[in-house]
Undergrad: 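Quick one: the structure is below, questions incoming.
Every chain is numbered from 1, with letters handed out A, B, ... down the list of sequences.
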2 protein chains.
Amino acid sequence: MGTTISTDLIRGHTDTIILNVLRQGDSYGYEIYKKIIALSGNQYELKEATLYTAFRRLEQEECIVSYWGDETQGGRRKYYRLTDKGQEFYAQNTKDWIFAKEVLDKLILNELNSDKLALENLLEGGINNE
Amino acid sequence: MGTTISTDLIRGHTDTIILNVLRQGDSYGYEIYKKIIALSGNQYELKEATLYTAFRRLEQEECIVSYWGDETQGGRRKYYRLTDKGQEFYAQNTKDWIFAKEVLDKLILNELNSDKLALENLLEGGINNE
DNA sequence: CACATTACTTTGTCTGTCAAGGTACTATGG
DNA sequence: CCATAGTACCTTGACAGACAAAGTAATGTG
């Protein structure tokens, strides 16, 4: 392969990724772990240690709250719920990501916004379906 | 503003950014510093300490080589030149960035590739200029 | 009955960024 | 003539996030 997502490229995004999963509804650690792998199309695994570290951080910042599930049988599950503050934090982080993408495209690829480029290519060259 | 590029969002990209500047030709520390600010459209400043740390790292990995300029008057300047290895490293890093962008768009925005989306919108809704 | 899976968690290490501090020279306005 | 800003280089130490490694404990399966 050769093309992977390094630790450094993911850094600073884990909180946002977790909050995004919780926007779909309450969930617990191990399920969130699996959902992230699935969401990425099996391209990325957020390690468990990273995940639980992030839970502590997000709880402390009141972006999420936790409660134990009432599983009578089987192992206990700790559920997490997105708070209003967490929702706001997510919204701001998505804006930051979109902004960072544009700036990094300039700095790495000397590119304008990729959407704009796609548009320009279309308007100049007409629509070619593959 | 509120929308800025945090340390964590840039982490892992500084080497690539520097190598990209050097693709345009040899340059020295302070000039590279200024060029990066300009390239970003004054949206991002790569701090000098970070820059010089990166130079040491990139030299050690043989991605760049350095030599003193022959300024007879004025302060001395240390120039950096991109090596073949550095060029390869840059090429791989851009692939990684493009890949990471796609995966992160899925994980943060639940989105497919933004280019694909732009295309889909166009094909469905027709071309609306602004 | 061993092994995989579910489910939770902590500790210590590593690495990149950058604030803070430093040196030295040049140009400019008061 | 001197203070200040700008050019140009550099190092050290602090900090924070990711994660390997290690652990607990239950359930399911071959």
Side-chain angles (χ1 to χ4, degrees), chain A residues 4-19 26-38 40 44-61 63-64 66-80 93 96 100 104 107, chain B residues 4-19 26-38 44-61 63-64 66-80 93 96 100 103-104 107:
Chain A
T4 45
I5 299 194
S6 77
T7 288
D8 284 329
L9 299 199
I10 217 70
R11 204 180 173 105
H13 295 297
T14 56
D15 291 359
T16 318
I17 291 169
I18 293 167
L19 295 179
D26 295 9
S27 188
Y28 58 93
Y30 197 69
E31 194 180 43
I32 294 168
Y33 168 75
K34 292 289 186 188
K35 278 184 175 177
I36 289 170
I37 294 173
S40 77
Y44 179 68
E45 180 200 3
L46 208 169
K47 305 302 182 307
E48 276 185 272
T50 311
L51 196 66
Y52 286 102
T53 311
F55 286 150
R56 303 297 150 258
R57 186 169 53 234
L58 287 166
E59 264 194 301
Q60 208 167 3
E61 288 166 358
C63 288
I64 57 174
S66 65
Y67 56 95
W68 288 101
D70 56 357
E71 282 74 36
T72 41
Q73 76 348 334
R76 76 250 149 90
R77 290 171 177 172
K78 194 191 245 182
Y79 285 84
Y80 296 96
N93 288 359
D96 289 350
L104 283 169
L107 291 175
Chain B
T4 46
I5 299 195
S6 78
T7 289
D8 285 328
L9 298 199
I10 217 68
R11 203 185 173 104
H13 295 297
T14 54
D15 291 0
T16 317
I17 292 168
I18 293 167
L19 296 179
D26 295 10
S27 187
Y28 57 94
Y30 196 70
E31 193 181 44
I32 293 168
Y33 169 76
K34 293 288 185 189
K35 278 184 174 177
I36 288 169
I37 293 173
Y44 179 67
E45 179 200 4
L46 209 169
K47 303 304 181 305
E48 277 187 87
T50 311
L51 196 66
Y52 286 103
T53 312
F55 286 149
R56 303 296 150 262
R57 187 168 52 235
L58 286 167
E59 264 193 301
Q60 210 167 2
E61 289 166 359
C63 288
I64 56 173
S66 65
Y67 57 94
W68 288 101
D70 56 357
E71 282 75 35
T72 42
Q73 80 339 342
R76 76 251 150 91
R77 291 171 176 171
K78 194 191 244 181
Y79 285 85
Y80 296 97
N93 287 359
D96 290 349
V103 175
L104 284 168
L107 292 175

Undergrad: Is there a side-chain contact between A/R57 and the phosphate of D/dA18, meaning an N or O under 4.0 Å from OP1 or OP2?
TA: yes

Undergrad: Once you apply a heavy-atom cut-off of 4.0 Å, does B/Y28 come out as touching a base, just sugar-phosphate, or nothing?
TA: sugar-phosphate

Undergrad: Can you tell which of D/dC10, D/dA18, D/dA21 lies closest to the side chain of B/K78?
TA: D/dC10

Undergrad: Among C/dA19, C/dT9, D/dC10, find the nucleotide with the atom closest to the side chain of B/K47.
TA: C/dA19

Undergrad: OP1 or OP2 of C/dA7 less than 4.0 angstrom from a side-chain nitrogen or oxygen of A/Y33, does that happen here?
TA: no

Undergrad: Under 4.0 Å, counting only non-hydrogen atoms across every strand here, what does B/E31 touch: a base, just sugar-phosphate, or nothing?
TA: nothing

Undergrad: Quick check for you: to the nearest 0.5 Å, what is the distance between A/I32 atom CD1 and A/Y80 atom OH?
TA: 7.5 Å

Undergrad: Can you check the A/H13 NE2 to C/dG16 C1' distance for me, whole Å?
TA: 15 Å

Undergrad: Taking all heavy atoms of B/V103 and all of A/S40, pick out the closest pair and write down the distance.
TA: CG1-CB, 4.0 Å

Undergrad: Any side-chain N or O of B/T14 less than 4.0 Å from the OP1 or OP2 oxygen of C/dT17?
TA: yes

Undergrad: With a 4.0 Å cut-off, would you call B/E59 and B/R56 a salt bridge?
TA: yes

Undergrad: Rounded to the Å, how far apart are A/L51 CG and D/dA20 P?
TA: 13 Å

Undergrad: Round to a whole Å and report the spacing from CG of B/D8 to C1' of D/dA18.
TA: 10 Å

Undergrad: With nearest nucleotides of DNA chain C determined for B/Y44 and A/R56 from heavy-atom distances, which residue corresponds to the more 5′ nucleotide?
TA: A/R56

Undergrad: Quickly work out the A/E48 CD to D/dT24 P distance and round it to whole Å.
TA: 16 Å

Undergrad: Whole-Å distance between C/dA7 P and A/Y67 OH?
TA: 15 Å

Undergrad: Phosphate oxygens OP1/OP2 of D/dT7: is one of them under 4.0 Å from a side-chain N or O of B/Y30?
TA: yes

Undergrad: Any base atoms under 4.0 Å from A/T50, or only sugar-phosphate, or nothing? Heavy atoms, all strands.
TA: base

Undergrad: Does any donor-acceptor pair link the side chain of A/R11 with the base of D/dA16 at a separation under 3.5 Å?
TA: yes

Undergrad: With a 4.0 Å cutoff (strictly under), does any side-chain N or O of B/K34 reach OP1 or OP2 of D/dT7?
TA: yes

Undergrad: Phosphate oxygens OP1/OP2 of D/dG17: is one of them under 4.0 Å from a side-chain N or O of A/T53?
TA: no

Undergrad: How close or far is atom C1' of D/dC9 from atom OH of B/Y52, stated in whole angstroms?
TA: 5 Å

Undergrad: So if I apply the ring pair (Phe, Tyr, Trp, His ring centres under 6.0 Å) rule between A/Y79 and each of A/F55, A/W68, A/Y67, which one comes out positive?
TA: A/Y67

Undergrad: In this structure, how many angstroms lie between the P atom of C/dC8 and the CG atom of A/L46, rounded?
TA: 15 Å

Undergrad: Of the non-hydrogen atoms in B/L9 and A/H13, which two are nearest, and what is the gap between them?
TA: CD2-CE1, 3.3 Å

Undergrad: Do you know which two heavy atoms are closest between A/A54 and A/I18, and how far apart they sit?
TA: CB-CD1, 3.5 Å

Undergrad: Tell me whether the OP1 or OP2 atom of D/dC10 has a side-chain N or O from B/R76 closer than 4.0 Å.
TA: no

Undergrad: Rounded to whole angstroms, how far apart are CZ on B/R77 and P on D/dG6?
TA: 17 Å

